[in-house]
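When a ligand or atom number is given, it counts from 1 through the structure's own listing order.
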Amino acid sequence: MQFSIVTLLAIAGAAVAAPSASVYAGTTKKNMIMMVSDGFGPASETLARAWVQQHDQYPPNYMSIIDKIMVGSSRTRSADSFVTDSAPGAVCFASGIKTYNNALGITTNYVPVGTNMEAAHRAGYKTGLVAKSYIADATPAAFASHAANRAMFDLISEQMAGLVPEIGQNVDLMFGGGRCTFIGNATKGSCRTDNKDLYPLMAKNGWTNIVNRTEFNALSATSKLPISGLFSIGNMPYSIDYPYNDVPSLQEMTKKALDILTEATKNSTQGFYIMIEGSRIDHAGHANDAGTHIREILEYWETVKIVSDYIDAHPETAMVSTSDHECGGLTLGRDNNYWLYPLVYTNQTKSQELACNELLAANITARGDLVTNVIVPKYLGKKNASPKVNAAILAANSTSECYLAMSAALSVDANLYWTSLGHTGVDVNVYAKGNNVTGIHGNMENTDIGNWITSYLGVDQAAVTSSIAKTNVFQYPFKRPNTTFVYTYPGTA
Ligand SMILES: *[C@@H]1O[C@H](CO)[C@@H](O)[C@H](O)[C@H]1NC(C)=O
Ligand SMILES: *[C@@H]1O[C@H](CO)[C@@H](O)[C@H](O)[C@H]1NC(C)=O
Ligand SMILES: *[C@@H]1O[C@H](CO)[C@@H](O)[C@H](O)[C@H]1NC(C)=O
Ligand SMILES: *[C@@H]1O[C@H](CO)[C@@H](O)[C@H](O)[C@H]1NC(C)=O
Ligand SMILES: *[C@@H]1O[C@H](CO)[C@@H](O)[C@H](O)[C@H]1NC(C)=O
Ligand SMILES: *[C@@H]1O[C@H](CO)[C@@H](O)[C@H](O)[C@H]1NC(C)=O
Ligand SMILES: *[C@@H]1O[C@H](CO)[C@@H](O)[C@H](O)[C@H]1NC(C)=O
Ligand SMILES: *[C@@H]1O[C@H](CO)[C@@H](O)[C@H](O)[C@H]1NC(C)=O
Ligand SMILES: [Zn+2]
């Protein structure tokens with residue numbers, strides 16, 4: 001599904017509304033929707049808002065759907081660094097503890113720690129994970145796996161698929177990308193280091209495993225859990241690239257997941273707990289690709305709109321939306337110029353990722369024509385580019401050189417700047433709506449959010465921690481870098 005202006009208009013509105021944070025006392029049933037906008041810092045929200053304001057000529061007081069439910073901010077550091085990666089970032093939301101960079105579901109001493117999703121599943125909640133990255137990638141993995149390093153994909157996928165007896169099956173629904181970690185290395189596209197196919201083993205345990213849109217469309221609210229739908233071998237495409245693919249969008253996956261989880265918990269006293277990730281807001285930040293970044297954010301807004309409407313119809317539901325960290329070091333304004341022109345990105349039609357793949361795959365003789373006549377005018381949407389801009393892109397030999405050259409081709413015109421191809425350590429915004437979210441406000445630690453979820457759900461995470469103590473968290477021998485020179489604080493091992 002292509003990003004649609006019509007949908008955007010539908011969610012626009014200039015009215016200032018107070019964040020909704022009522023305490024719902026109707027039943028004891030509770031649903032929890034955790035939304036993670038990966039790599040989405042405050043400047044990214046400002047940029048997306050500015051693009052919409054300029055594009056649709058909205059007034060200065062226009063509020064995006066998330067602006068209306070902003071409740072505070074979160075600090076993002078991990079146990080060993082002021083600049084976190086997504087693994088310990090998500091562990092804060094899933095387990096309420098800080099751990100070292102790259103760690104999943106374990107303490108700084110490699111001891112497995114239970115997650116609120118595992119505890120919720122043991123308490124009878126139905127659980128789900130929806131992401132645009134690999135489903136075994138750091139953010140979704142933090143809710144249902146335990147590994148010394150996020151790169152231990154074989155181990156992580158088996159844990160998430162419920163194939164590791166020490167932790168059992170904790171996830172009822174998985175929608176996203178990254179099928180490659182579920183198929184053995186004898187099959188084309190696999191990214192496992194062994195030849196183990198997880199799908200037949202999951203099927204034996206009752207999973208329905210689907211891989212394409214036809215099968216996705218055939219799912220109904222009454223489809224039986226557990227269900228896995230991994231629609232890409234690697235990441236799901238960027239929103240801007242949906243026209244080149246036919247996979248469900250984040251909105252579609254979210255809607256379907258909510259329908260199925262609602263139906264599956266219809267008769268139960270427990271509700272459901274789902275984590276939904278706008279994973280690739282981060283990837284576009286890593287690529288310094290503002291046009292793609294904006295569209296990933298707009299897609300995330302539309303997904304929040306679906307969740308927000310769901311809460312209006314199901315007041316026993318709470319949602320929290322935040323980011324694990326900022327990505328790209330985005331600044332609005334540069335070179336001592338006092339203006340911003342986000343509309344520069346309106347005519348971009350393809351992500352820098354796909355454009356760079358195409359460029360670097362082309363032979364040297366074909367590249368000049370490709371850059372001048374296709375990539376710059378059509379994909380980046382920049383008419384009348386100077387020979388210097390074209391030459392800079394043509395000179396790129398590597399993906400990161402290509403990203404930087406393409407980024408610069410537009411960011412000078414937009415008067416914005418990226419300071420990094422990676423994460424930064426700034427605080428991020430926190431948004432919340434629904435059942436009993438009054439406790440989420442102000443400047444928080446990232447761990448406060450995970451601990452709030454555990455307390456909201458009323459589940460026993462400590463009991464999970466005791467029961468999973470023997471889980472193997474090493475796929476291969478691993479030694480983490482000594483980063484104590486960066487920062488230590490009392491309690492860090
Ligand atoms: C594929 O898996 C087999 C068996 O599990 C292993 O021996 C082999 O090294 C793997 N090959 C690659 C390229 O990872
Ligand atoms: C979807 O996947 C199913 C099962 O693998 C397969 O039979 C079917 O041909 C696929 N459909 C499309 C349109 O790719
Ligand atoms: C809920 O209860 C109704 C009536 O007993 C039953 O028909 C339905 O299958 C149940 N649904 C689920 C998901 O258990
Ligand atoms: C986008 O393309 C249209 C059609 O070519 C053009 O009229 C418009 O000025 C372009 N917008 C920007 C911001 O370059
Ligand atoms: C380079 O690519 C162009 C366009 O795809 C093709 O026409 C040409 O034959 C290729 N040249 C070589 C040397 O492979
Ligand atoms: C690209 O690679 C070639 C040869 O490997 C080298 O001569 C050239 O300087 C490189 N260009 C850039 C921009 O690094
Ligand atoms: C709201 O949450 C707090 C803990 O965050 C809890 O003590 C309280 O009982 C909850 N109230 C309702 C009505 O669920
Ligand atoms: C880690 O590095 C710091 C500073 O370089 C050093 O003081 C400390 O002993 C190192 N720790 C280990 C376990 O090597
Ligand atoms: Zn990242």
Ala366: numbered ligand 5 atoms lying under 4.0 Å from its heavy atoms
2 (O), 3 (C), 4 (C)
Looking only at side-chain N and O atoms, does [Y] offer a donor or acceptor that is under 3.5 Å from a partner on [X]?
X      : Y      : result
Glu277 : Tyr300 : no
Asn451 : Gln461 : no
Tyr238 : Glu299 : no
Ser279 : Asp38  : no

Which ligand 1 atoms, with their elements, are less than 4.0 angstrom from a heavy-atom of Asn185?
1 (C), 2 (O), 3 (C), 8 (C), 10 (C), 11 (N), 12 (C), 14 (O)
Show the atoms of ligand 1 that are less than 4.0 angstrom away from any heavy atom in Asp194.
2 (O), 5 (O)
For ligand 3, the residues whose heavy atoms come within less than 4.0 Å (ordered by chain, then number)
Glu263, Asn267
For residues 198-210, which residue pairs qualify under side-chain hydrogen bond (donor to acceptor under 3.5 Å, both in side chains), counting only residues two or more places apart or in two chains?
Asn209-Ser228
Do the ring centers of His293 and His283 come within less than 6.0 Å of each other?
no
Please indicate whether any nitrogen or oxygen in Arg192 is less than 3.5 Å from any nitrogen or oxygen in ligand 1.
no
With sequence neighbours left out, the residues meeting ring-ring contact (aromatic ring centres under 6.0 Å, His included) with His121 are none
Applying ring-ring contact (aromatic ring centres under 6.0 Å, His included) to Tyr403 and not counting sequence neighbours gives none
